[in-house]
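For reference, the structure is listed below as structure tokens.
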Amino acid sequence: MVDENQTEIHVGLEGVYIAESQISKVDGQAGKLYYRGYTIESLAQNSNFEEVSYLLLYGRLPKKQELQAFVNELRSYRNVPEELQNLIKGLLGKAHPTDIMRTAMSALAAFDGELDDSSPEANLRRSIRIIARTACIAATIGRFSHGKPYVKPDNNLDHASNFLYMLNGKRADPDIEKLMNLMFMLHAEHSSNASTFTTMVAASTLADIYSAVTAGVSALKGPLHGGADEAALKMLRAIGSPQNTEAYINDALENKQKIMGFGHRVYKTYDPRARILKAYLEKQVRANAPEDVKNLAQIALEAEKIMVERLGETKGIWPNVDFFAAPLYAWAEIPEDLFTPIFAASRSLGWCAHVLEYWQNNKLFRPLEKYTGKLDLPYIPIDKR
């Protein structure tokens with residue numbers, strides 16, 4: 001029995017462990033991120049999104065034949081049903097692309113012919129469908145937003161390249177395809193963040209996995225989570241030029257405004273994903289991007305330098321993955337309102353992996369709250385109030 005008088009409130013569940021997991025580890029003090037024991041740096045250097053998907057779902061790196069079979073299964077689920085295409089079209093101009101993604105994710109359950117089968121095998125198949133289709137749904141939303149027709153998936157392309165093909169109707173530059181593969185990997189998983197926890201809470205009720213992932217998309221939408229890279233790009237564009245960066249930051253800090261893309265709930269040092277993207281930004285964008293994107297990149301690098309010098313060591317405020325993702329997405333010519341749906345497409349992998357793991361020993365989430373209101377108030381009839 002809990003004694004409410006001695007209860008410690010962990011605001012935002014900070015410092016509270018909700019489950020045991022073998023999926024990923026975030027070491028905020030050392031600035032390290034591991035997927036199933038592998039550092040994010042080694043995976044970013046050597047792997048790809050399909051192999052990372054297998055790793056997170058199955059718990060190990062695949063053999064060559066296993067990976068090919070998995071890739072073939074992913075590709076078989078890519079096509080967006082016509083009814084879902086019509087649903088997306090009907091919501092365009094009335095809702096943010098992330099809201100459309102959330103609605104489309106919920107509707108995916110209608111196309112599952114084995115929804116009554118709740119076996120682990122069936123839920124694994126659903127997870128693979130979700131991972132395959134969320135990227136295609138995001139591309140379709142972006143495609144329709146510009147009044148262009150649906151592009152059928154190309155099953156000769158890998159996951160990231162096919163996303164860009166369905167979005168643009170043509171193959172992207174190889175450097176952009178490489179970038180998107182990297183983005184999908186870096187955003188795939190990050191322990192019990194807000195959207196993953198939300199997904200797990202929904203799944204703990206034994207709601208189907210589509211409902212759980214829909215809850216994850218809802219949590220991801222906020223600017224403190226998945227919407228941060230969209231906000232970061234708007235900030236970079238508001239700064240305008242590298243010469244304006246210091247004045248903009250000075251003014252924002254003096255007025256206690258948040259510098260978007262900086263600070264993290266867990267990392268108290270440099271986000272390792274941000275380090276990877278910064279290196280990519282410095283090497284690839286400076287060499288290959290058009291002038292307007294090079295300008296955004298220079299603003300980002302100048303802002304990072306100023307913020308690290310002022311608040312890095314002293315306040316523990318460092319750039320996170322969203323900050324450098326913003327100008328890189330701009331280089332890939334991806335509309336900023338599509339950033340969060342792409343994040344959802346990437347993170348659907350982590351959401352599904354956590355649901356499958358949690359269901360192995362499921363327990364309904366039911367935290368307590370400490371009531372601080374009044375008690376035993378007398379009811380006053382409405383005509384005497």
Side-chain angles (χ1 to χ4, degrees), residues 13-61 131 159-160 178-200 216 219-220 224-226 228-229 232 261-282 304 308 312 316-326 328-329 339 342-358:
L13 296 182
E14 187 168 8
V16 175
Y17 287 85
I18 60 167
E20 292 184 343
S21 178
Q22 296 183 5
I23 296 172
S24 70
K25 177 178 175 59
V26 180
D27 186 339
Q29 297 301 319
K32 301 291 290 183
L33 172 61
Y34 301 87
Y35 288 178
R36 298 282 190 183
Y38 297 92
T39 66
I40 193 62
E41 291 87 354
S42 66
L43 293 172
Q45 179 70 31
N46 301 300
S47 190
N48 56 52
F49 180 75
E50 287 88 340
E51 188 175 63
V52 165
S53 296
Y54 190 102
L55 172 67
L56 292 180
L57 291 177
Y58 290 91
R60 60 178 177 82
L61 289 172
I131 294 162
H159 187 82
K178 183 179 178 181
L179 168 65
M180 282 309 307
N181 183 63
L182 179 64
M183 289 297 200
F184 277 121
M185 283 195 289
L186 295 183
H187 286 91
E189 162 59 13
H190 208 241
S191 186
S192 56
N193 53 83
S195 58
T196 299
F197 179 56
T198 303
T199 303
M200 292 170 65
L220 189 69
L224 296 183
H225 192 14
D229 45 11
F262 286 85
H264 195 277
R265 186 69 172 270
V266 178
Y267 291 116
K268 302 309 175 188
T269 185
Y270 219 109
D271 183 335
R273 300 166 301 172
R275 282 193 187 279
I276 293 170
L277 291 183
K278 179 187 176 183
Y280 203 92
L281 190 76
E282 289 178 317
E304 181 260 0
V308 165
I317 298 176
W318 303 83
N320 56 49
V321 67
D322 301 303
F323 183 66
F324 292 120
L328 286 169
Y329 279 141
F339 291 1
I342 294 172
F343 197 153
S346 308
R347 188 56 57 84
S348 64
L349 167 56
W351 293 334
C352 288
H354 277 278
V355 169
L356 296 178
E357 181 185 61
Y358 193 73

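Residues: numbered from 1 along the sequence shown.
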Out of curiosity, [X] [atom1] to [Y] [atom2], how far, rounded to the nearest 0.5 Å?
| X | Y | atom1 | atom2 | value |
| --- | --- | --- | --- | --- |
| Tyr35 | Ser191 | OH | OG | 11.0 Å |
| Asp322 | Phe339 | CG | CZ | 10.5 Å |
| Thr39 | Lys32 | OG1 | NZ | 5.5 Å |
| His354 | Leu349 | NE2 | CG | 9.5 Å |
| Met185 | Leu56 | CE | CG | 11.5 Å |
| Phe324 | Arg273 | CZ | CZ | 13.0 Å |

Requested in this report: Any chance you could lay out the side chain to side chain contact (heavy atoms under 4.5 Å, CB included) test for Ile23 and Arg36, step after step, and finish with the verdict?
Outcome: CA-CA 5 Å; Ile23 296 172; Arg36 298 282 190 183; 3.8 Å; yes
Is the shortest side-chain heavy-atom distance between [X] and [Y] below 4.5 Å?
| X | Y | value |
| --- | --- | --- |
| Arg347 | Asn193 | yes |
| Ile342 | Met183 | no |
| Trp351 | Leu220 | yes |
| Val321 | His187 | yes |
| Glu189 | Tyr34 | no |
| Leu182 | Leu328 | no |
| Asn48 | Glu51 | yes |
| Tyr54 | Arg60 | yes |

Query raised in the report: Any sub-3.5 Å donor-acceptor pair from Gln22's side-chain atoms to Ser24's backbone N or O?
Result: no
What closest approach, in Å, do [X] and [Y] show between heavy atoms, and which atom pair accounts for it?
| X | Y | value |
| --- | --- | --- |
| Thr269 | Gln29 | CG2-O, 3.5 Å |
| Glu304 | Pro319 | CG-CG, 3.8 Å |
| Val52 | Ser47 | CG2-OG, 3.8 Å |
| Thr199 | Val355 | CG2-CG2, 3.5 Å |
| Ala19 | Tyr358 | CB-CE1, 4.1 Å |
| Ser346 | Phe49 | O-CE1, 4.3 Å |

Query raised in the report: Can you say whether the rings of His159 and Phe184 are parallel (under 30°), tilted (30 to 60°) or perpendicular (over 60°)?
Result: perpendicular
**Report entry** Sole candidate of Asp271, Ile317, Asn320 that passes side-chain contact (heavy atoms from CB on, under 4.5 Å) when paired with Phe262
**Finding:** Ile317
